[in-house]
Trainee: 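I am attaching a structure below and will ask some questions about it afterwards.
Every chain is numbered from 1 and lettered A, B, ... according to where its sequence line falls, protein lines coming before strand lines. Predicted model only: the values in this text are computed from it and were never measured.
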There are 2 protein chains.
Amino acid sequence: MSDLLERLRGRGWRLTSQRRVVAEVLDGDHVHLTADEVHARAVARLPEISRATVYNTLGELVGLGEVLEVATDGRAKRYDPNAHRAHQHLVCSGCGAIRDVHPHGDPLAALPADERFGFTVTAAEITYRGLCPDCTGQA
Amino acid sequence: MSDLLERLRGRGWRLTSQRRVVAEVLDGDHVHLTADEVHARAVARLPEISRATVYNTLGELVGLGEVLEVATDGRAKRYDPNAHRAHQHLVCSGCGAIRDVHPHGDPLAALPADERFGFTVTAAEITYRGLCPDCTGQA
DNA sequence: ATCCTAACTTGGACTTTGTCCAAGTCAATA
DNA sequence: TATTGACTTGGACAAAGTCCAAGTTAGGAT
Ligand SMILES: [Mn+2]
Ligand SMILES: [Mn+2]
Ligand SMILES: [Zn+2]
Ligand SMILES: [Zn+2]
């Protein structure tokens, strides 16, 4: 993730303390934070950072393909820095926990041509749902 | 969908004009309306129906398994009356159009045991993304 | 080292989507 | 047709996100 800052500089970004902090917060490969969670953690390091800047920066990172937007429920979007290895998500219906998972095969291949209705289909996102070990116990 | 009203009566529902109208609006198998779209169409038939009742009724139908909630973007949830035949969704990234699709194979089968992290996995939702015929033209 | 300025950040107003509640209405049973 | 608990209503409230005018600053130019 530290080379993320390099890549951004290469793209002509001004390296502000705000952007640095957002990048730090997103560090790690199994992180799926909401914008407000990113903001809360950013504030811990840089108390005056605003919500607007967090939203702006996340949006820019998504636009550059450095971060993925994940909408597994109808609630707040989650921001996923693991943008460079294709993966899917396993979500606990009890507590909302999210894990990265790697199903085998190409999910696109399962959609036959006569089910594509003339669309140019470019991606398939799979959300697996179930109960995590903790939530399986207390029904 | 007219037997939906029968099923609901069987479950002890009061058959109010509001619920009847919401059921009528949801009639059809390839409909994916937002709550506000349902409300707008319901108002056309029953001008005094409230947003709260539309939300209540949709929530109840989802709870009964008669309607599915679909969250394909980070925007408003869509309500899908096609709850009795398993299917997935193909979404146009340009205009948001949604089609029901039926990929072959069991999507759950693609997730190996060592990628389940102790979860009891019960469902897999696939969102295929691409451009519809109309949007493929004007880049 | 200092200046300059387009790019960036900020707080708050605003929008969209959805929830909640107290008060009023009505469907269904008797 | 009387009763009553289920249902509906409007509006207040909340969560998630967008937008903007005004202020600040990173980084190139001097
Ligand atoms: Mn992920
Ligand atoms: Mn559908
Ligand atoms: Zn859980
Ligand atoms: Zn389209």
Side-chain angles (χ1 to χ4, degrees), chain A residues 5-25 32-43 45-64 66-80 96 98, chain B residues 4-25 32-43 45-64 66-80 96:
Chain A
L5 291 175
E6 292 309 312
R7 285 202 296 281
L8 294 177
R9 179 147 39 201
R11 297 201 193 231
W13 269 35
R14 280 210 199 154
L15 272 229
T16 65
S17 50
Q18 291 85 350
R19 286 172 168 176
R20 228 183 302 265
V21 163
V22 170
E24 283 173 27
V25 167
H32 302 91
L33 300 172
T34 65
D36 273 345
E37 288 165 351
V38 172
H39 181 238
R41 296 186 187 199
V43 162
R45 298 164 184 247
L46 186 67
E48 67 275 22
I49 191 173
S50 71
R51 263 178 17 105
T53 292
V54 170
Y55 274 104
N56 287 344
T57 304
L58 290 173
E60 290 156 351
L61 291 169
V62 169
L64 293 176
E66 298 287 354
V67 165
L68 300 175
E69 258 176 359
V70 181
T72 51
D73 50 3
R75 311 292 310 284
K77 288 178 199 159
R78 298 188 166 269
Y79 292 88
D80 185 344
I98 302 183
Chain B
L4 169 57
L5 291 175
E6 291 310 311
R7 285 203 295 281
L8 295 176
R9 179 148 40 202
R11 297 201 193 232
W13 270 34
R14 281 213 200 152
L15 264 249
T16 65
S17 51
Q18 290 85 351
R19 285 172 169 176
R20 228 182 302 265
V21 162
V22 169
E24 282 173 28
V25 166
H32 303 89
L33 300 171
T34 65
D36 273 344
E37 287 165 351
V38 171
H39 181 237
R41 296 186 187 201
V43 162
R45 297 164 184 248
L46 185 66
E48 66 275 22
I49 191 174
S50 71
R51 264 180 13 107
T53 292
V54 170
Y55 273 103
N56 287 343
T57 305
L58 289 173
E60 290 157 349
L61 290 170
V62 169
L64 293 176
E66 298 285 355
V67 166
L68 300 176
E69 258 177 359
V70 181
T72 51
D73 51 4
R75 311 293 310 283
K77 288 178 199 159
R78 296 185 168 272
Y79 292 87
D80 185 344

Trainee: Can you find a pair of side-chain heavy atoms, one from B:R41 and one from B:L33, that are under 4.5 Å apart?
Mentor: yes

Trainee: Whole-Å distance between D:dG17 P and B:R75 CZ?
Mentor: 11 Å

Trainee: Using a distance-only criterion (donor-acceptor N/O pair, under 3.5 Å, no hydrogens), is the base of D:dG5 paired with the side chain of B:R14?
Mentor: yes

Trainee: Is any side-chain heavy atom of A:I98 less than 4.5 Å from a side-chain heavy atom of A:R78?
Mentor: yes

Trainee: So, taking the atom named OH in B:Y79 and the one named OG1 in B:T34, what distance separates them when rounded to the nearest 0.5 Å?
Mentor: 9.0 Å

Trainee: Measure from CG on B:N56 to C1' on C:dC26 and round the result to the nearest Å.
Mentor: 16 Å

Trainee: For A:R20 and C:dC8, give me the distance from atom CZ to atom P, rounded to whole Å.
Mentor: 14 Å

Trainee: Only one of A:L46, A:T16, A:V67, A:I49 forms a side-chain contact (heavy atoms from CB on, under 4.5 Å) with A:V22, so which one is it?
Mentor: A:I49

Trainee: Among the candidates D:dA26, D:dT8, D:dG17, find the nucleotide nearest to the side-chain atoms of A:A35.
Mentor: D:dG17

Trainee: What do the steps show when you test A:L64 against A:R11 for side chain to side chain contact (heavy atoms under 4.5 Å, CB included), and what is the final call?
Mentor: CA-CA 9 Å; A:L64 293 176; A:R11 297 201 193 231; 3.5 Å; yes

Trainee: Less than 3.5 Å between a donor and an acceptor, one on the side chain of B:R51 and one on the base of D:dG10, is that the case here?
Mentor: no

Trainee: Which residue, A:G12 or B:D36, contacts DNA chain C at a nucleotide closer to its 5' end, judged by nearest heavy atom?
Mentor: A:G12

Trainee: Dot-bracket notation for DNA chain D is requested: 5' to 3', Watson-Crick or G-U wobble pairs only, both distances under 3.5 Å, with ( ), [ ], | and . as defined.
Mentor: ||||||||||||||||||||||||||||||

Trainee: Rounded to the nearest 0.5 Å, how far apart are CZ of A:R51 and CG of A:D36?
Mentor: 5.5 Å

Trainee: Find the distance A:E69:CD to D:dT18:C1' and express it as a whole number of Å.
Mentor: 13 Å

Trainee: Could you measure the distance from the CD atom of B:E69 to the CG atom of B:L61? Nearest 0.5 Å is fine.
Mentor: 11.0 Å

Trainee: Take atom CZ of A:R19 and atom C1' of C:dC8, then tell me their distance rounded to the nearest Å.
Mentor: 6 Å

Trainee: Rounded to the nearest angstrom, tell me the gap between atom CG in B:L33 and atom P in C:dT17.
Mentor: 14 Å

Trainee: Send over the distance from A:L46 CG to C:dT10 P, rounded to a whole Å.
Mentor: 7 Å

Trainee: If you look at every strand shown and take non-hydrogen atoms under 4.0 Å, does B:A76 touch a base, only sugar-phosphate, or nothing?
Mentor: sugar-phosphate

Trainee: Ignoring the backbone of A:Y55, work out which of C:dT10, D:dT8, D:dG17 is nearest its side chain.
Mentor: D:dG17

Trainee: Over how many whole Å does the gap from B:Q18 atom CD to D:dA6 atom C1' extend?
Mentor: 12 Å

Trainee: Between B:S50 and B:G74, which is nearer to the 5' end of DNA chain D once each is assigned its nearest nucleotide?
Mentor: B:S50

Trainee: Just to be sure I understand the rule, does B:T53 reach a base, reach only the sugar-phosphate, or reach nothing, if contact means heavy atoms closer than 4.0 Å?
Mentor: base

